[in-house]
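Here's the structure, in structure tokens; my notes come after.
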Amino acid sequence: MAGLFGLLVVMAVLFSACGQEEEDGNGGGGGEGESAGVQEGEEQVSGGGETLTIYSGRNAELVGPIIDEFQEESEIDVQVRYGDTAELAATILEEGENSPADIFFAQDAGALGAIGDEGLFTELPQEDLDRVEDRFRSTEDEWVGISGRARVVSYNTESLTEEDLPESILDYTDPEWEGRIGWAPTNGSFQAFVTGLRVSEGEDVAREWLEGIQANDPAVYEDNTSTLESVAAGEVDVGFTNHYYLFRALEEQGEGFGARNYYPEGGDPGALINVAGAGILQTSDNPEEAEAFIEYMLSDGAQQYFAEETYEYPLVEGVETDEELQPLSEVETPDVDLSDLEDLEGTLDLMQETGVL
Amino acid sequence: MWVPAAVVALAMVLPLVYLVVRSLSSGWAEAVAIALEASSLATLTRTVVLAATVTAASVLIAVPLAWLTARSDLPGRRWWAVLGALPLVIPSFVGGFVLVSAFGPRGLLQEALAPLGVERLPSIYGFPGAVLALTLFTYPYMFLIVRAALRGMDLSMEEAARSLGSSAYAAFFRVTLPQLRPAIVAGGLLVALYTLSDFGAVSLLRYDTFTRQIYLQYSSAFDRTPAAVLAVMLVLLVGAILTMELWARGRAGYFQTGARNAAPVALGRWRLPALVFCSLVVLVALVVPVGVLVFWLLRGLAFGESLNPVWQTAANSLYVSALAAGVAVLAALPVAVLSVRFPGRVSSLVERLTYVGFALPGVVLALSLVFFGATYAPALYQTLGLLVFAYVVHFLPQAVGATRAALLQARPSIEEAARSLGRGPLSVMRTVTIPLARSGILAGAALVFLTTMKELPATLLLGPTGFGTLATQVWSASSEAFFARAAAPALLLILLSAPPLYLLTIREKIT
């Protein structure tokens, strides 16, 4: 009966051989819908070279097409593992020295900071870093922001107009907003905003704000999407979300969608811009290809893609943005250094103390 | 028999070793402090309450449904049986989402009721929603097992009770139900453990169980120690549940003397209420989710969304699920045979161990294998081999349970006869035991296949890089609110999972 174990091992090896085949056949788009079919052919051509492995916490629907384009233009074979940013960060930490990943492409600066803190990133070339403003990259030159997303107040267009909305996010603690607010306290973008609030306005203001909103009995949602959907459905009047979810909803559900965005004004903490970014792992076997990837993502063409296709903000100056998108220059962001957003634990403690989490 | 069983047990222990190592990485004191935090204990309570409620609710749905479709003259009972089992194929991260969008305070139902002046529905978030979602998508475990038990049950006792003057009602409660106890307990175990492991439903419906807290630890603090400590607490809870089940299962064995078709019980005036009950269950658990998916698909198409080809991902899904089912069945056989034919402390410990992987949240299991794979088996890491291994560790008890149930109904005297006639143990296994347990083995394979089809976290973290399945594609689209793009693969996932489930329910004559 010991044969069974042997059998299991043999099967495992066989499967892994199959796996290899599958991998080659599937291509970088990774069977993620639209790209899978297209990729198959090209993959075979460049099959002999080095493979660049990207762990992407950014969604395949959003970055798949631009990664495919990179692959096509650079003729570098790319494999992408898509997943949740936090789970991929935990995976990289578990893998440690043995990580097969060359690049970590993360949804938020916090995850990049966690990998950086463990010393798992290499330093990026200065010319790539210089493409974006200081405030959108790591202070230790370990990662660089690739696209930005703004915090906004989404409001229901049936019950409110832009004029009804306070200029500052801080004013939503007013009792007139009782039972009318939706938020997603467990969401990473929201927590980054609270960290920004602590940094720019101080602990006391942040605490008062959390307590004030909590007193207004807000509806709690899992993420930005469900918050926005509930605003549009009139479940609540306003919701604290990221700017781009609206554009996707418009694309899928038409102009009749019942919510719009409002950008808090005057450098308000409510208009924080956070970034999605990438870094090169120290364990990378293909540093040159990895640098080529970072360079490509910061090229004008790729930046244009983010502006037009994902409705995010390009971080490289001089790239034109979609007309419907409020220009980055007109978004008055608070005076916050993104590398100061690392103290997530402090934010979580505060949110727990105030009963928000 | 002992050697392969030991290998299986060893595989099951891997995640536990990882969890203990991670929990203690900051020392005992830290680990104990995390475990005794008020929030950890509150999470423990909430998790226990949820699992108990979902299990109880599943009994209330599954047992009547099983009896109606197996033993009564309910019109179209075979179809009700298939429809009643189908909700099992709906992934909880889809089901949860769909329930929210259908029954949310301002969801589709409210929209439909708006002309009647309904402004908003009571919130389904939190405990009620989590119970609803988990019950609807897990009761089929109990339904399938109880129904199989009803069909395989020895009818002579029930007939004796009737001939001695018991009413059909009294016969059910005094004779049938006690005989069903092992099946109800086995189904309840799967329901309870699935509830512990689920992330999709509790996160979408916002009820803080261990699984959700563990994810929060990863996502907000990038700290693996508290996550591991919480997971160890979860494992201890599983241990308690497994011990309880062992006790509740009872010592009695019920061998059947031969398969016979029972005369269906006439429902009479209960026919209409019975039909309403079945319709309601199928409506909420199956018609609503599928309906919402179709609605999303059509709405997307109307706004110019194009249907992407998903054949490659569909083929990937079928391929890994079939592999997982095959390997799980092989691994389950020695464990099941040992625990049935050689009951004792060790065999029962091995059998119990297989359940631990089932109750662990997928992400915890996946990270444990990331650790072992990347460190000790780099050649296997991120291959289909390790992915299938993960599926088997995760879903093995479904195969073990089904195989055990079939073996329990087969008299050992047949095997003993074969041995006494000179057959060796291996030969008896091949020519007697496996054919006798065939229905159970197939049922186990089908269950593992179905759960693998909808598995998400392990597929994302452990699959070959770039390997996509229908489940990962649904997740990828729905997590960024591309509902229309999520609907097509989700519907395909349900469609492809249906045939094995159909065979599982309809396969009635074979015992």
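All of these numbers come straight from a predicted model, not from anything done at the bench.
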### Task
Answer yes if the ring centres of Trp183(A) and Tyr221(A) are under 6.0 angstrom apart, and no otherwise.
no
### Query
Relative to chain B, which segment of Ala90(A) carries a heavy atom at a distance below 4.5 Å: side chain, backbone, both, or neither?
both
### Query
In terms of heavy-atom proximity below 4.5 Å to chain A, should Ile214(B) be classed as side chain, backbone, both, or neither?
neither
### Query
Of the backbone (N, CA, C, O) and the side chain (C-beta and beyond), which part of Ala111(A) lies under 4.5 Å from a heavy atom of chain B, both, or neither?
both
### Message
Just checking Phe105(A) against Tyr55(A), ring centres under 6.0 Å apart?
### Response
no
### Task
Under 4.5 Å heavy-atom distance to chain B, tell me which part of Thr91(A) shows up: side chain, backbone, both or neither.
both
### Task
Answer with side chain, backbone, both or neither: which region of Asp223(A) has an atom nearer than 4.5 Å to a non-hydrogen atom of chain B?
neither
### Query
Leu93(A) versus chain B, heavy atoms under 4.5 Å apart: side chain, backbone, both or neither?
both
### Task
Go through Gln253(A), Gln352(A), Glu87(A) and name the one with the most non-hydrogen pairs under 4.5 angstrom from chain B.
Gln253(A)
#### Entry: Where Asn156(A) and Ser159(A) come nearest, the two heavy atoms and their spacing
OD1-N, 3.1 Å
### Task
Taking the six-membered ring of Tyr245(A) (Phe, Tyr or Trp), confirm whether the NZ or CZ of Arg248(A) is under 6.0 Å from its centre and within 45° of its axis.
yes
## Note on the structure
Interatomic distance, OG1@Thr241(A) vs CG@Leu246(A), rounded to 0.5 Å, equals 8.0 Å
### Task
Go through the steps to decide whether Ser154(A) and Thr227(A) satisfy the test side-chain contact (heavy atoms from CB on, under 4.5 Å), and finish with yes or no.
CA-CA 9 Å; Ser154(A) 306; Thr227(A) 308; over 6 Å; no
### Task
Please flag which part of Glu97(A) lies under 4.5 Å from any non-hydrogen atom of chain B: side chain, backbone, both or neither.
neither
